[in-house]
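A short worksheet on the structure shown next.
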Amino acid sequence: MSEQPAPSDHARQQLEPAAADAVRAYAARTRESADQLAAVLEDIATNGLPSVEDCTPWEELREAHLARLAAQRPAVA
């Protein structure tokens, strides 16, 4: 991304403090996720792929994620 300031002929609309805080929090979460992914990829590059016995099948991961999502949503009649 460019670090250049916005052109002066277009005024930028400032965010409300709460909205700016929310954007910063989202950026921090996104950065943390990217750092975790980078660490995993670096480990794979250094040590190779893990053995099949040490991995969780994607179907189990999918079902666990769907269960978490369902628990977060209120039940519909």
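All values derive from a computational prediction rather than experimental measurement. Just the heavy atoms: all of them, side chains too, but no hydrogens, waters or symmetry mates, feed the values below. Sequence positions, counted from 1, serve as the residue numbers for this chain.
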Exercise. Side chains of His65 and Arg68: is there a donor and an acceptor less than 3.5 Å apart?
Worked result: yes
Exercise. Do we see a donor-acceptor contact under 3.5 Å between the side chains of Asp54 and Ser51?
Worked result: yes
Exercise. Should Leu49 and Val40 be regarded as members of a common hydrophobic cluster, given that ILVMFWY residues are connected when their side-chain heavy atoms come within less than 4.5 Å of each other, either directly or indirectly?
Worked result: yes
For this session: State the OG1-CZ distance between Thr56 and Arg62, to the nearest 0.5 angstrom.
Result: 14.0 Å
Exercise. Going from CZ on Arg31 to OH on Tyr26, what distance comes out if it is rounded to the nearest 0.5 angstrom?
Worked result: 12.0 Å
For this session: Using a cut-off of 6.0 Å, state whether more than 12 heavy atoms not belonging to Glu59 lie near its atom CD.
Result: yes
